[in-house]
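Below: the structure, in structure tokens.
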Amino acid sequence: MGKRHSATTRAKAAVNLAPFLTTRYGKVICADSIEVLSSYPDASVNLFMTSPPFGLVRKKDYGNVDAGEYLNWFRPFAVEMFRALKDNGSLVIDIGGAWNKGSPTRSLYHFKLLIMLCEEIGFHLAQDFYWWNPSRLPTPAEWVTVRRVRVKDAINTVWWLSKTPWPKASNRRVLQPYSLSMKSLLVNGYVAKKRPSGHDISEKFSTDNGAAIPPNLIAASNTESNSFYLRYCEQHGLAPHPARYPAELPEFFIRMLSDTNDLVVDPFAGSCVTGEVAERLKRKWMCVELSKEYCEAARGRFVRPAEESTKNPGNPEVPEDERNYYKVARPGVLRGGPTF
């Protein structure tokens, strides 16, 4: 099915691609993304990095599609992205789950989307990732804090899809510091042996490679409250986009899946976080956003003073080792008393 989409030839309506704003490496286009996507040449994009409107029951100001209609809505975008993607390119979709209306049960729309993208459009699931937001509020309140029959939903699924089984990628660009236990192992040594799980740990395991390979769980708190972007919006009387993912999320994938001067496209740009990160990493980029007000607000991401960092430094009163890590209590920490 994917090959048929890729080879399709058709007349394309002229689209106004005049940029709303331009930077050294990229541009923002204020237009309908399906029209912009259809204007791209075949096999011209290295990476689509995006967070489309989620299929939520409750309607949001930025516009979102009902979960039941999501596949039909997303399909035309998927067809165009597959066609425009290079053979070694990737599509990364951050997509949150949803609750079924009036019921403490979950919608399957984002899983159905994944199946459609692979079995109908022709994408390959390179790997599934999960973005853990430690600051996520305990919602929906009815099921989590009132009736106490569900726990806090703090994970978004992130589908890393590719046009072929072998997309451009290097995990060496997203390595993490060694844990304290690994540092201790490197100092004290390790006896090569087979573990109870059956894995045969060789002597190479004790080789110091400088850093650790990250897992497919990305921990990034979404607590932006006093950023230059938000201050810019307030100063100019603009509404900030209400659904912004943290810069750490697109940065992880842009680093791992693209090279300098590659083309990164976000067809559902919102506040243009993707473009801001791509600019910093010297990737060519294009952000497409339908709302003119959100495009106006996005200017705040590209007029920031050079001395103001784009990264969240964390609380300076907390030791650096603690600021760089999030902790999760193991199950059962509070068990044992009569209440539990």
Side-chain angles (χ1 to χ4, degrees), residues 15-23 26-37 48-67 69-70 73-74 77 93-99 131 133 135-141 153-154 156 220-251 264-280 285-305 308-312:
V15 180
N16 181 12
L17 295 181
F20 186 86
L21 68 88
T22 59
T23 65
K27 55 188 175 182
V28 176
I29 305 294
C30 187
D32 188 332
S33 59
I34 193 64
E35 296 179 352
V36 178
L37 288 171
F48 285 103
M49 176 74 223
T50 193
S51 182
F54 299 166
L56 305 177
V57 172
R58 180 176 297 177
K59 295 298 179 183
K60 301 292 185 178
D61 291 341
Y62 56 85
N64 58 290
V65 182
D66 185 86
E69 300 296 325
Y70 203 84
W73 173 78
F74 198 87
F77 299 101
I93 302 176
D94 160 51
I95 186 163
W99 295 86
W131 165 32
N133 178 6
S135 64
R136 184 78 67 85
L137 294 174
T139 58
D153 176 27
N156 273 16
S221 185
N222 202 10
T223 54
E224 180 184 29
S225 61
N226 191 36
S227 66
F228 186 88
Y229 167 76
L230 291 178
R231 297 200 304 273
Y232 179 90
C233 290
E234 184 177 5
Q235 292 166 5
H236 291 80
L238 298 167
H241 196 282
R244 307 178 302 276
Y245 52 27
E248 292 92 338
L249 188 64
E251 180 170 349
V264 178
V265 175
D266 187 344
F268 306 101
S271 69
C272 297
V273 180
T274 302
E276 179 185 30
V277 173
E279 182 80 12
R280 175 160 48 85
W285 60 269
M286 180 183 289
C287 283
V288 186
E289 170 55 43
L290 184 61
S291 167
K292 185 176 180 180
E293 183 174 18
Y294 291 149
C295 287
E296 286 285 1
R299 293 183 188 275
R301 296 205 177 275
F302 305 101
V303 295
R304 173 188 291 105
E308 183 163 337
S309 173
T310 61
K311 294 187 176 181
N312 181 2

Original post:
What are the two closest non-hydrogen atoms of S33 and F77, and how far apart are they?
Top reply: OG-CE2, 3.1 Å

Original post:
Does the R244 side chain pair with the main chain of V273, one donor and one acceptor, at a distance under 3.5 Å?
Top reply: no

**OP:** Please round to the nearest 0.5 Å and tell me the distance separating atom CD1 of I29 and atom CD of E289.
**Re:** 12.0 Å

Original post:
Going from OG1 on T23 to CD on E276, what distance comes out if it is rounded to the nearest 0.5 angstrom?
Top reply: 11.0 Å

Original post:
What closest approach, in Å, do M286 and V36 show between heavy atoms, and which atom pair accounts for it?
Top reply: SD-CG1, 4.0 Å

Original post:
Name the one of Y245, W73, F48 that satisfies ring-ring contact (aromatic ring centres under 6.0 Å, His included) with F268?
Top reply: W73

Original post:
In Å, rounded to the nearest 0.5 Å, how long is the span from CD1 of I95 to CZ of F54?
Top reply: 6.5 Å

Original post:
Any side-chain heavy-atom pair from P52 and F74 closer than 4.5 angstrom?
Top reply: yes

Original post:
Is there a donor-acceptor pair under 3.5 Å between the side chain of S51 and the backbone N or O of D94?
Top reply: yes

**OP:** With sequence neighbours excluded, tell me which residues meet salt bridge (charged side-chain N to carboxylate O under 4.0 Å, His left out) with E279.
**Re:** none

Subject >> Non-hydrogen atoms of P19 and K27 that approach each other most closely >> reply: CB-CB, 3.9 Å

Subject >> Value rounded to 0.5 Å, distance of SG in C287 from CZ in F20 >> reply: 13.0 Å

**OP:** Take Y232 and S227 through the side chain to side chain donor-acceptor pair (under 3.5 Å) test and state the conclusion after the steps.
**Re:** CA-CA 9 Å; Y232 179 90; S227 66; over 6 Å; no

Original post:
Between Y294 and S271, is any pair of side-chain heavy atoms under 4.5 Å apart?
Top reply: no

Original post:
Any side-chain heavy atom of P246 within less than 4.5 Å of one from W131?
Top reply: yes

**OP:** Check the pair V28 / W285 against side-chain contact (heavy atoms from CB on, under 4.5 Å), numbers first and verdict last.
**Re:** CA-CA 9 Å; V28 176; W285 60 269; 3.9 Å; yes

**OP:** Please report the shortest heavy-atom distance between M49 and T274, naming the atom on each side.
**Re:** O-OG1, 3.6 Å

**OP:** Start with the C-alpha distance between Q235 and L230, add both sets of side-chain angles, then the distance that settles side-chain contact (heavy atoms from CB on, under 4.5 Å), and finish with yes or no.
**Re:** CA-CA 9 Å; Q235 292 166 5; L230 291 178; over 6 Å; no

Original post:
Are R299 and H236 side-chain neighbours, meaning at least one heavy-atom pair lies under 4.5 Å?
Top reply: no

Original post:
Could you give the distance from SG (C272) to CG (L21), rounded to the nearest 0.5 Å?
Top reply: 7.0 Å

Subject >> side-chain hydrogen bond (donor to acceptor under 3.5 Å, both in side chains) against S135, all qualifying residues, sequence neighbours excluded >> reply: N133, S221

Subject >> Pairwise distance SG(C30) to CG(L290) - rounded to 0.5 angstrom >> reply: 6.5 Å

Subject >> N156 versus G96, closest heavy-atom pair with distance >> reply: OD1-CA, 3.6 Å

Original post:
Do you know the tightest heavy-atom contact between V303 and G300?
Top reply: CG2-CA, 4.0 Å

